[in-house]
Amino acid sequence: MRIGIDVGGTNTDAALLGDDDRVISAAKSPTTPDITSGVTVAIRALDPPVAEVTAVMIGTTHFLNALVEGARLAPVAAVRLGLPATAALPPMTDWPERQRAAVGGHGYLCHGGREFDGRPLSPLDPDELKRTAADIAAKGIASVAISSVFSPVAEDDERRAAEILRGELGAGIHVSLSHELGRIGLLARENATIINAALRDLAAQIVESFGKALAEASITAPFFLSQNDGTLMDVEFARSYPVATFASGPTNSMRGAALLSGLADCAVVDVGGTTADVGILQGGFPREAAGESEAAGIRTNFRIPDVLSLGIGGGSLVAADGETGPRSVGYRLTEEALVFGGSTLTATDLTVAAGLADIGDAAGVAHLDRAFVDRALARIAERLTESVDRMRTSAAPLPVVAVGGGSVLVPEALPGFDDVRRPGNFGVANAVGAAIAQVGGEVDRVFQVPEGKRESVLAQAREEAVGRAEEAGARRGSVRVVDIEEVPLAYLPGGTTRIRVKAVGDLDLNHIKTGASAHA
């Protein structure tokens, strides 16, 4: 048996799944400031046979929320290896002021870096790095982000720079390396690395809280955190790479929707208390965003699902003209909504007034004009339809699966989308998605593809991706390639092509126990 948990800003959802992926029990509890008690309550509500639980998978939005709020972030020294190039745009140039101030805005430009084919851009300068280390020490910074030009092609400069800085600053320094986190583009990869470095201290606290919660619930099975792409990482990996969890919430919901609905290819509308997230499932996995993505207004390029969010949720405020959102009462829904004795008209009140949900006291919305209610709900359906239509890539019929506690806002049919499904346990789809997360491996780098050798190069990339998944803890024989992307770089000679291959497989707990780390 496995337990899936999703720790959101408002609720903590939990689901107990059998070895056949059948949902045995599900529960919701309010998310608590200390994290621990909310997770413990949710697990106890499942009433699991603790001796039979083999693994616990957890998804969380805490790291993304910290970045959005610009709070609980550690000061970071952003060291870029690229001089004499790249000086025109120093690190964090395009960051929002709140986030930049939260991490200190400490940027350092040093020599080093590579060309696209791995040739040195300029020699690494150890003395320059030692001077940089002295300034970092003088400012009392304990977390360093190192980024180098084309490091996904050749990582040696980043590793050597980390070795020098650790030697000067001591073993207790936290170092994040960009080639382990992002893709080819320098600025977006650098941003992801700085964010990761800023979250390292918070990651240690949150991982410790999860471990404490499981111990209080008498769960001794190993636990893992889910990543942006629907795969898993173990505790130690999570401490080092918290940025990899940013989009785990929408990803888990979409993966859960696939299992609960039995559909591998569909649109998913996940409606929570504040927002509705719309994404596309392809082969049972979320379609990934192409190129760069944004986190709290900061450009990044790590793996993240292609999701369109709009401000409609169960706690969304309804205006006098019937327009809903984007403001929401959030976790105060049970205090402020009309059906709970409050004085604020919310989207949840609309669903109760229309007879779509049995929540709270319907007498609190008996005075609402039915024409107004119907008009407001129709407007919500119209906006959801627009979002789904924007996400589709063809005119072919596309099933829509509605999940999340606020999905009662999604009608049985949307204009242009007649096949709308709300599967059983839809309210905890995110926890179900966490429970079925797999182990992944990915290759994303520039290859030289000589004429007539394309298939052999692709085979090499596939084999490497499968090997990485198996090394990360996937059971041999269960790994499959789920995505291949080729981008010929026509402006470069020699058949230069950027190739990305992603492979996933089932978690092998026996392999994990022998010392492997589950991560992509």
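We use all heavy atoms of the structure for the numbers below, so side chains are in, but hydrogens, waters and symmetry mates are not. Remember, it's a predicted structure, so these values are computed and weren't measured experimentally.
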Test side chain to side chain contact (heavy atoms under 4.5 Å, CB included), reference Ile280, set Asp265, Val388, Val307, Leu398, output is Leu398
Rounded to the nearest 0.5 Å, the CD atom of Gln282 sits from the SG atom of Cys266 at a distance of 10.5 Å
Do the side chains of Asp270 and Met254 get nearer than 4.5 Å, heavy atoms only?
no
Is the shortest heavy-atom distance from the side chain of Leu377 to the side chain of Leu356 under 4.5 Å?
yes
On a heavy-atom basis, the closest approach of Thr12 and Val7 is OG1-CG1, 3.8 Å
| query | Any Lys/Arg nitrogen of Glu236 or Arg239 sitting under 4.0 Å from an Asp/Glu carboxylate oxygen of the other? | reply | yes
Does the side chain of Thr324 pick up a donor-acceptor pair with the side chain of Ser316 at under 3.5 Å?
no
- Task: Indicate yes or no: does Glu323 engage Arg379 in a salt bridge with an N to O separation below 4.0 Å.
- Result: yes
Could you tell me if the side chain of Leu225 sits less than 4.5 Å from the side chain of Leu232, heavy atoms only?
no
*asked:* Between Asp21 and Arg2, does any side-chain N to carboxylate O distance fall below 4.0 Å?
replied: yes
| said: The test is side-chain contact (heavy atoms from CB on, under 4.5 Å); show your working for Ile380 and Leu350 and say whether it passes. | reply: CA-CA 11 Å; Ile380 290 174; Leu350 297 178; 4.3 Å; yes
### Message
Salt bridge or not between Arg454 and Glu486? Use side-chain N to carboxylate O under 4.0 Å.
### Response
yes
On a heavy-atom basis, the closest approach of Phe372 and Ala319 is CZ-O, 3.7 Å
Determine whether more than 12 heavy atoms belonging to other residues, nucleotides or ligands lie under 6.0 Å from atom CG of Asp321. yes
ask   = Would you say Glu455 has more than 12 foreign heavy atoms packed within less than 6.0 Å of its CD?
value = yes
*Please test Ser147 against Glu158 for side-chain hydrogen bond (donor to acceptor under 3.5 Å, both in side chains), starting from the C-alpha separation and ending with a verdict.*
CA-CA 7 Å; Ser147 305; Glu158 286 190 358; 5.1 Å; no
Any donor-acceptor pair under 3.5 Å from Lys28 side chain to Gly427 backbone | yes
Please output the side-chain donor-acceptor pairs of residues 308-315 that fall under 3.5 Å, not counting sequence neighbours, one pair per line with the distance.
from, atom 1, to, atom 2, distance (Å)
Ser309, OG, Asp277, OD1, 2.5

task: Decide, yes or no, whether a salt bridge links Arg468 with Glu442 under the criterion of side-chain N to carboxylate O below 4.0 Å.
output: no
Across all chains, not counting sequence neighbours, the side chain to side chain donor-acceptor pair (under 3.5 Å) partners of Asn430 are Asp6, Asp13
Problem - Arg98, CZ atom: more than 12 neighbouring heavy atoms under 6.0 Å - result: no
All heavy atoms of Val432 vs all of Gly256, minimum pair found to be CG1-CA, 4.2 Å
Is there side-chain contact between Arg500 and Asp483, with heavy atoms separated by less than 4.5 Å? yes
| request: Could you tell me whether the side chain of Asp234 and the main chain of Phe237 form a donor-acceptor pair under 3.5 Å? | output: yes
CD1 of Ile194 to CE of Met92, rounded to nearest 0.5 Å, is 4.5 Å
Residue pair Asp508, Asp506: steps toward the side-chain contact (heavy atoms from CB on, under 4.5 Å) verdict: CA-CA 6 Å; Asp508 184 350; Asp506 297 330; over 6 Å; no
**OP:** Check whether any side-chain heavy atom of Ile58 sits under 4.5 Å from a side-chain heavy atom of Phe223, and report yes or no.
**Re:** yes
Are Arg332 and Thr344 linked by a side-chain donor-acceptor pair shorter than 3.5 Å? no
For Ser261 and Ala257 the tightest heavy-atom approach is OG-O, 2.6 Å
Open item on the list: Between Asp349 and Thr346, do the side chains contain a donor N or O and an acceptor N or O under 3.5 Å apart?
Closed with: yes
CZ (Arg392) and OG (Ser387) are apart, to the nearest 0.5 Å, by 13.0 Å
Of all heavy-atom pairs linking Pro91 and Arg100, the shortest is O-NH1, 3.6 Å
### Task
Would you indicate whether the side-chain heavy atoms of Asn196 and Glu180 approach each other to under 4.5 Å?
no
Between the CG atom in Leu186 and the OG atom in Ser148, the distance rounded to the nearest 0.5 Å is 8.0 Å
Q) Would Arg498 count as a cation-pi partner of Phe447, with NZ or CZ less than 6.0 Å from the six-membered ring centre and within 45° of the ring normal? A) no
Rounded to the nearest 0.5 angstrom, the CD-CD1 distance for Gln99 and Ile298 is 5.0 Å
Output for pair (Asp94 CG, Leu187 CG), nearest 0.5 Å, gives 7.0 Å
Is a side-chain donor-acceptor pair under 3.5 Å present for Ser226 with Asn252? yes
- Check against side-chain contact (heavy atoms from CB on, under 4.5 Å), Leu181 and Val243: CA-CA 8 Å; Leu181 290 162; Val243 75; 3.6 Å; yes
Val443 and Ala461 have their tightest heavy-atom pair at CG2-O, 3.8 Å
Do Ile3 and Leu46 make a side-chain contact, defined as non-hydrogen atoms from C-beta onward lying under 4.5 Å apart?
yes
**OP:** Test Ile35 against Phe210 for side-chain contact (heavy atoms from CB on, under 4.5 Å), laying out the working first.
**Re:** CA-CA 7 Å; Ile35 303 176; Phe210 287 151; 3.5 Å; yes
Is a side-chain donor-acceptor pair under 3.5 Å present for Thr231 with Gln227? yes
Worksheet item: Is it true that a side-chain atom of Asp19 and a backbone atom of Met1 form a donor plus acceptor pair closer than 3.5 Å?
Response: yes
* To do: Kindly indicate whether the side chain of Gln438, heavy atoms from C-beta on, has any atom under 4.5 Å from the side chain of Arg255.
  => yes
| message | For Arg189 and Ser178, which I'm curious about, is there any donor-acceptor pair between the side chains at under 3.5 Å? | response | yes
